[in-house]
Amino acid sequence: MEPSSRDSGQIRGTSVYEGDAPGGIDLEGVRRRDPLALEAFFEAYFDRVFSLLKRLLGNSAAAQDAAQDVFLKIHRGAHQLDPARDPAPWVMAIATNVCRDLWRSGGYRLSSTASSLEASPGLAERLRSDRRDPEEEAIASERARLVQEALGRLREPLREVVVLREYEGLGYDEIAAITGLNEAAVRKRYSRALSELGKALEKAGL
Amino acid sequence: MSHGDDQRARAAERLGPAEERARAALRAVSPEPPDAEFRDRLKRDFVSGAIQVTKGRERVVARLPIRRRRPPTVAWAAASLAVAAALVFVVASLNRGPSWWVTAARGEGTIKVDGETVALADRDAMRRLLIPGAEIETAENAELDLCMNGVLAVQLAPGTRMTLPPPPGRWFGRRCELYARGGEIRVTTGPRFSGARLAIMSPTAAVLVTGTTFAVIMEDAGTCVCVFEGNASVGRMRAGALADMSRVGSGRRRYVYKDERPPETREIREEERVKLAQFRESQRAWMQGSSTD
């Protein structure tokens, strides 16, 4: 397996959020809700937001609803954007808060326990297209499913930290800023999350 | 980052082998691409400003089954009611006054309790039957003294018919009523009666007392209330209501006629004074609450 960009150390030390908004988005235009600026903003952040929501909620349908909520909040709060700062932490904080709201709802809890994580045919499909060996594709697909399931079984506060750290590449201080925890608590949760995941995956034979 | 840097970073996080494996497994999973149609629609709504929360939220609510939990207030209310009911039961039990005891039975005759004839010598049967609300009728050659320790003693002369009253409560509900239908009744109250009220209802007169020794003598012409000690309020029963209430002091008697003649208050008859004094004396030990049947 090829090492990912995170393996090269990007998640540690330097933050992916440091610096200006990606792609030279016209944040002033976003503040004015200029359609072109909003389109660029959407293109820049939608995939990351959806990916985060999907991993936090473990359910595509819930992630779609949450994404709609997130972009509505962004649209409503666009005038609060600071053009001098990268909007990514703000966007990720909104997404995390929307997930927290959903987790608190009884409907989400029942749904998540009843259906677990949905099987991921899209993922399997994509993995298939990346690999030529059918056996390797099947193994990778099953592996991905087990990892997703284990992630979905993590308690939400632990899942939140591990997803922000591992998939969004955030530093502990950035996660602390988003979640409202202190850095030591974030580290502890991250460590506990990995420990629980490790046990779960070991039990699953991974 | 070099291999050495990576190792240093891992050491800084102090991850064990299982955690390392978990992290590697997480990183090996790529994100699932969103549904293209949904992405386009959301983008269009976001850019145009037509994005709305209600649509999405309603969908979430509609799709996710809602756990129907009984509101916690119901459980709390039920628990509170159960506790309150238990408390009421305990307090009511503790509030209950003493039972009736037969302190003396004179004569060779019988009494009837709720229609059941009982020999005066059969104390067990009397103890079983003499409960509050019981209808008692003494025969022409039977006399009965009943007592609630420290609270109240009642003497039923031969040929008396009355309903046994419930004891007044220890702390609340301290009012009791005795219904007399004929004959002679002598009543004396004890120290534990203090603060309670007794009402004796005869066919023609009503007597209200808060602590005294007195007799209620029901005759063909009317009812005579003789007060040996203390005070009693005596009135006429007219169509089920009290009328002509008057306070009768120690050593006085008031005669309430059945007909329209006005009630009369006079000196207590000597014969009755003696009987009441004897009754009061005979019940003294019971009124101190130290004796049992």
Side-chain angles (χ1 to χ4, degrees), chain A residues 1 4 6-10 12-13 33 35 38-39 42-43 46-47 50-51 54-55 60-69 71-72 74-75 102 105-111 114 120 122-123 126-127 140 143-144 147-148 150-151 162 166-167 187 191 194-195 197-202 206, chain B residues 1-69 71:
Chain A
M1 187 188 299
S4 70
R6 287 184 298 269
D7 284 330
S8 64
Q10 199 174 0
R12 290 177 291 271
R33 296 183 182 84
L38 286 176
E39 184 174 357
F42 186 90
E43 289 294 345
F46 175 79
D47 287 350
F50 187 83
S51 166
K54 172 73 173 62
R55 281 177 162 133
S60 285
Q64 285 187 5
D65 289 336
Q68 182 158 334
D69 259 14
F71 279 93
L72 174 72
I74 290 171
H75 197 278
L102 262 176
S105 71
Y108 170 78
R109 287 183 182 282
L110 190 61
S111 167
S120 183
L123 175 67
R126 191 166 38 72
L127 287 172
R143 187 182 178 87
V147 171
Q148 289 277 33
L151 188 61
V162 85
E166 288 301 324
Y167 291 116
R187 282 176 189 275
S191 172
L194 283 185
S195 172
L197 268 178
K199 284 176 194 164
L201 292 175
E202 198 169 7
L206 287 180
Chain B
M1 182 181 277
S2 70
H3 182 66
D5 290 340
D6 192 36
Q7 277 192 331
R8 275 193 295 278
R10 287 178 187 195
E13 288 193 325
R14 286 191 224 109
L15 295 179
E19 286 89 345
E20 278 290 355
R21 275 201 305 277
R23 186 160 70 173
L26 283 173
R27 291 177 181 181
V29 178
S30 303
E32 181 188 355
D35 177 64
E37 191 184 331
F38 166 74
R39 190 184 196 284
D40 290 344
R41 182 181 59 76
L42 187 61
K43 180 181 168 183
R44 196 171 52 246
D45 290 348
F46 180 67
V47 170
S48 67
I51 187 168
Q52 287 181 352
V53 71
T54 46
K55 234 162 64 179
R57 183 59 68 202
E58 278 170 0
R59 281 166 51 209
V60 169
V61 172
R63 184 168 44 252
L64 299 177
I66 302 298
R67 179 160 42 184
R68 300 205 178 279
R69 276 193 290 186

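Hydrogens, waters and symmetry mates are skipped; everything else that's a heavy atom, side chains included, is used. Here is the naming used below: chain letters follow the sequence lines, and residue numbers restart at 1 for every chain.
- Heavy-atom distances place both the backbone and the side chain of A:E39 under 4.5 Å from chain B.
- Between chain A and the residues B:A25, B:P34, B:S48, the most heavy-atom pairs under 4.5 angstrom are made by B:P34.
- Ring geometry for A:F71 against B:F46 counts as perpendicular: the plane angle is over 60°, on a 0 to 90° scale with 30° as the lower cut.
- Interface remark: B:R39 contributes backbone and side-chain atoms alike to the contact with chain A (heavy atom separation under 4.5 Å).
- For the pair B:E19 and A:S191, the tightest heavy-atom approach, listed with the atom from each and the gap, is CG-O, 4.3 Å.
- Note that CD of A:Q68 is 7.0 Å distant from CG of B:D45, once rounded to the nearest 0.5 Å.
- Note that CZ of B:R23 is 5.5 Å distant from CD of A:E166, once rounded to the nearest 0.5 Å.
- Distance check, rounded to the nearest 0.5 Å: CD1 of B:I51 to CD1 of A:I74 gives 8.5 Å.
- The two residues B:A22 and A:L197 come nearest to each other via the heavy atoms CB-CB, 3.9 Å.
- Pairing each heavy atom of A:L38 with each of B:V47, the nearest pair is CD1-O, 3.8 Å.
- Residues satisfying the ring-ring contact (aromatic ring centres under 6.0 Å, His included) criterion with A:F50, sequence neighbours excluded, are A:F46.
- Interface residue A:A67: backbone and side-chain heavy atoms are both found under 4.5 Å from chain B.
- Across A:Q64 and B:D35, no two heavy atoms sit closer than the pair NE2-CB, 3.5 Å.
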